[in-house]
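Here is the structure we will look at, set down as structure tokens.
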Amino acid sequence: MDFSIIFDNLPLLFKGLGLTLQLLIISLIAGFVISIPLSIMAASKTKWARIPAKSFIYVFRGTPLLIQIFIIYYGLSQFEWLRESLLWGFFKEAYWCAILAFALNTAAYTAEIFRGAIVQTPKGEIEAAVAYGMSRWDQYRHVILPSALRRSIPMYGNEVIFMLHATVLAGVITLVDLFGAAKILNSRYYAPFESFISAGLFYLVITFTIVFIFKLIEGHFLKHLKR
């Protein structure tokens, strides 16, 4: 292996790493915000709330993320009304299209995680909230959602890692993320080992960091389960 290729091109790799982290963090934040009302609606006993939420979850979990990216970036541009609207400033940029696709995809998976946790909330907790005279809104705000989110931490940690790995798809719409930087190195020097192993090491470091952070979060919020 020629390590000089890696060291000489570290600025390119770090630039790709920065874009990867941007895509990951922004899409996770947006997806988390979207997933909260979605999970509540999906767990609702009211059809008008449950059916649209479950349909959204089913569509985005049932289709490949790559197809979703292509539809948002390439597909929507065929509509003339969109190209002539103010929204075109958003949809013509590959960066924002990638974030939108990642956010909607992770929102669907996260909403399903939270929905499962909500419906599995112990009945004793809900009965205690009712005994205190809490409204349904107060039950969700003070009891159901905090309990569900705590129990969802391990599964959500896995979703964050899956989304990190999914960011490599940003390269199909011209974005130079970490994987894209590795492909550029390979095309310049024809050095697949140096290029992709270095990118793989970056992904490993990020993954282990995410695992470590979620272990700390689990230790803090789930410590009562270890007693």
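Not measured: the values here are computed from a predicted model.
- Proximity of Thr207 to His165: side-chain heavy atoms (C-beta onward) are separated by under 4.5 Å at one or more points.
- Thr46 contributes no side-chain N or O that, together with a main-chain N or O of Ala49, makes up a donor-acceptor pair within less than 3.5 Å.
- A continuous path of ILVMFWY side-chain contacts below 4.5 Å connects Ile99 to Tyr74, so both sit in one hydrophobic cluster.
- Between the Ser195 side chain and the Asn186 main chain, a donor and an acceptor come within less than 3.5 Å of each other.
- Heavy atoms of other residues, nucleotides or ligands lying less than 6.0 angstrom from OH of Tyr58 number 12 at most.
- Using a 4.5 Å heavy-atom cutoff, the side chains of Ser77 and Leu82 are not in contact.
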*asked:* For a side chain to side chain contact (heavy atoms under 4.5 Å, CB included) check, start with the C-alpha distance between Val176 and Lys15, then their side-chain angles and the critical distance, and finish with the verdict.
replied: CA-CA 8 Å; Val176 183; Lys15 185 176 180 180; over 6 Å; no
*Where do Asn158 and Phe214 land on the side chain to side chain contact (heavy atoms under 4.5 Å, CB included) test, with the steps shown first?*
CA-CA 9 Å; Asn158 291 332; Phe214 272 89; over 6 Å; no
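- At least one side-chain heavy atom of Ile206 sits under 4.5 Å from a side-chain heavy atom of Leu21.
- The line from CG of Leu185 to CG of Asp8 is 10.0 Å long, rounded to the nearest 0.5 Å.
- Checked against a 6.0 Å centroid threshold, the rings of Phe208 and Phe212 do not count as neighbours.
- Counting heavy atoms from C-beta outward, Thr121 and Arg151 have side chains that approach closer than 4.5 Å.
- Here Gln120 contributes atom CD and Ser147 contributes atom OG; the two are 10.5 Å apart, rounded to the nearest 0.5 Å.
- Not one N or O on the side chain of Thr106 forms a donor-acceptor pair closer than 3.5 Å with the backbone of Ala103.
- Summarising the local packing, CZ of Phe90 is surrounded by more than 12 heavy atoms from other residues, nucleotides or ligands at distances under 6.0 Å.
- Between Phe32 and Phe114, the two ring planes are perpendicular [angle over 60°; tilted spans 30° to 60°].
- Between Pro37 and Ile40, the closest side-chain pair of non-hydrogen atoms is not below 4.5 Å.
- Taking the six-membered ring for Trp and the full ring otherwise, Phe162 and Tyr109 have centroids separated by 6.0 Å or more.
- A 4.5 Å side-chain heavy-atom check between Glu93 and Cys97 finds every atom pair outside the cut-off.
- With Gln68 as the partner, the side chain to side chain contact (heavy atoms under 4.5 Å, CB included) test is satisfied by one option alone out of Asn105, Leu100, Leu104: Asn105.
- Taking all atoms of both residues into account, the shortest heavy-atom contact from Ala42 to Ala53 is N-CB, 3.7 Å.
- The distance from the CD atom of Glu159 to the CD1 atom of Ile210 is 11.0 Å, given to the nearest 0.5 Å.
- Residue Leu86 places its CG atom among 12 or fewer non-hydrogen atoms of other residues, nucleotides or ligands, all under 6.0 Å distant.
- In terms of modelled atom types and a separation under 3.5 Å, the side chain of Arg83 and the main chain of Gln78 share a donor-acceptor contact.
- Contact record, Met163 with Phe102: CE-CB, 3.5 Å, taken as the closest heavy-atom pair.
- For the atom pair Ser55 OG and Phe60 CZ, the distance stands at 11.5 Å (nearest 0.5 Å).
- Asn9 contributes no side-chain N or O that, together with a main-chain N or O of Leu12, makes up a donor-acceptor pair within less than 3.5 Å.
- Between the side chain of Arg50 and the main chain of Ser44, a donor-acceptor pair closer than 3.5 Å is present.
- Without hydrogens or angle criteria, Glu194 side chain to Ile6 main chain gives no donor-acceptor distance under 3.5 Å.
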